[in-house]
Colleague: 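Can you keep this structure in mind? I'll have questions shortly.
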Amino acid sequence: MQTTLQFLIMVDGPLTAAELLDLIRTRLPDAVPYRRDSVDVRGNLLEINPNEDADPQLAATDEDDYLYFRWRVELTPMDKTVDEGHQIALARELLRAIEGPQARATVCAAFEDRV
């Protein structure tokens, strides 16, 4: 499995990890619970982890604001059929599912320029 198919979505906003996961599960109903703060979605393990570098002030003012967002949504391919096109489509859909008045998000990936 190519590691370049792994990707992150950095998320900022007042949502808790559980609320963020509920939002994802509501908008991607094919996401299957895996364990706490994670789901299996379209051949990927999706895990939500706090960003150890989170800083609300830098997230609001720094040029690389996403580095300081509150959450790291990590996606790791688990199915051998997952390819780059699949990951790009999934990243786009996840961005649409997450972004809104409560949250902002950005994709960090080898293919981020195509999302």
Colleague: Could you report the tightest heavy-atom contact between Ala91 and Ile9, atom names first, then the distance?
Modeller: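 That closest heavy-atom pairing would be O-CD1, 4.3 Å.
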Colleague: Please give me the minimum heavy-atom distance between Leu90 and Val41, naming the atom from each residue.
Modeller: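 That closest heavy-atom pairing would be CD2-O, 4.2 Å.
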Colleague: Just to verify, which of Asn44, Asp83, Leu45 counts as forming a side chain to side chain contact (heavy atoms under 4.5 Å, CB included) with Pro77?
Modeller: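 The single option meeting the side chain to side chain contact (heavy atoms under 4.5 Å, CB included) with Pro77 is Asn44.
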Colleague: Using a strict cut-off of less than 4.0 Å between a Lys/Arg side-chain nitrogen and an Asp/Glu carboxylate oxygen, indicate whether Glu47 and Arg35 qualify as a salt bridge.
Modeller: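 The answer is yes: the pair qualifies as a salt bridge.
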Colleague: Please round to the nearest 0.5 Å and tell me the distance separating atom SG of Cys108 and atom CD of Gln6.
Modeller: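 Answer rounded to 0.5 Å: 13.0 Å.
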Colleague: Please name the pair of heavy atoms, one in Phe111 and one in Ile88, separated by the smallest distance, quoted to 0.1 Å.
Modeller: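 Between these two residues, the closest heavy atoms are CD1-CG1, 3.5 Å.
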Colleague: Do you reckon Leu20 sits in the same ILVMFWY cluster as Phe7, going by side-chain contacts under 4.5 Å, direct or chained?
Modeller: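 Yes, Leu20 connects to Phe7 through the hydrophobic network.
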Colleague: Any chance you could measure Arg70, atom CZ, to Asn51, atom CG, to the nearest 0.5 Å?
Modeller: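 These two atoms lie 11.0 Å from each other.
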Colleague: Under the side-chain contact (heavy atoms from CB on, under 4.5 Å) criterion, do Leu5 and Glu84 qualify, and how do the steps go?
Modeller: CA-CA 6 Å; Leu5 295 178; Glu84 190 173 84; 3.9 Å; yes
Colleague: Ignoring hydrogens, what is the shortest heavy-atom contact between Asp65 and Ala59? Give both atom names and the distance.
Modeller: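 Scanning both residues completely, I find the closest heavy atoms to be CB-O, 3.1 Å.
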Colleague: For the residue pair Glu19 and Pro14, establish whether any side-chain heavy-atom pair is separated by less than 4.5 Å.
Modeller: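 Side chain of Glu19 against side chain of Pro14, heavy atoms only: no contact under 4.5 Å found.
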Colleague: Looking at Leu15, is its backbone amide N or carbonyl O close enough to the side chain of Trp71 to form a donor-acceptor pair, meaning the two atoms are under 3.5 Å apart?
Modeller: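 Between the backbone of Leu15 and the side chain of Trp71 there is a qualifying donor-acceptor contact (under 3.5 Å).
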Colleague: In terms of hydrophobic clustering (I, L, V, M, F, W, Y; side-chain heavy atoms under 4.5 Å; direct or indirect links), are Val107 and Leu21 co-clustered?
Modeller: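 Linked within one cluster.
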Colleague: With rounding to the nearest 0.5 Å, note down the distance linking OG1 in Thr16 to CG in Asp37.
Modeller: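 So the gap between those two atoms works out to 8.5 Å.
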Colleague: Can you give me the closest heavy-atom contact between Leu67 and Met10, atom names plus distance?
Modeller: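 In terms of heavy atoms, the two residues are closest at O-CE, 4.5 Å.
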Colleague: Using the rule side chain to side chain donor-acceptor pair (under 3.5 Å), only one of His86, Gln87, Glu93 pairs with Arg42; which is it?
Modeller: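 Result: among His86, Gln87, Glu93, Glu93 is the only option passing the side chain to side chain donor-acceptor pair (under 3.5 Å) with Arg42.
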Colleague: Under a 4.5 Å side-chain heavy-atom rule over Ile, Leu, Val, Met, Phe, Trp and Tyr, are Leu94 and Tyr66 clustered together?
Modeller: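 No, no single cluster joins them.
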Colleague: Looking only at heavy atoms, what is the nearest atom pair of Val39 and Ala31, with distance?
Modeller: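 The answer is CG2-CB, 3.9 Å.
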Colleague: Group every Ile, Leu, Val, Met, Phe, Trp and Tyr by side-chain heavy-atom contacts under 4.5 Å, then state whether Leu28 and Leu8 land in the same group.
Modeller: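 Per the 4.5 Å side-chain linkage, Leu28 and Leu8 are not co-clustered.
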Colleague: Nearest 0.5 Å please: distance from the CG atom of Leu46 over to the OG atom of Ser38.
Modeller: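 Leu46 CG to Ser38 OG: 8.0 Å, rounded to 0.5 Å.
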Colleague: Would a single hydrophobic cluster contain both Phe69 and Ile98, if residues Ile, Leu, Val, Met, Phe, Trp and Tyr are joined by side-chain heavy-atom contacts under 4.5 Å?
Modeller: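 No, no single cluster joins them.
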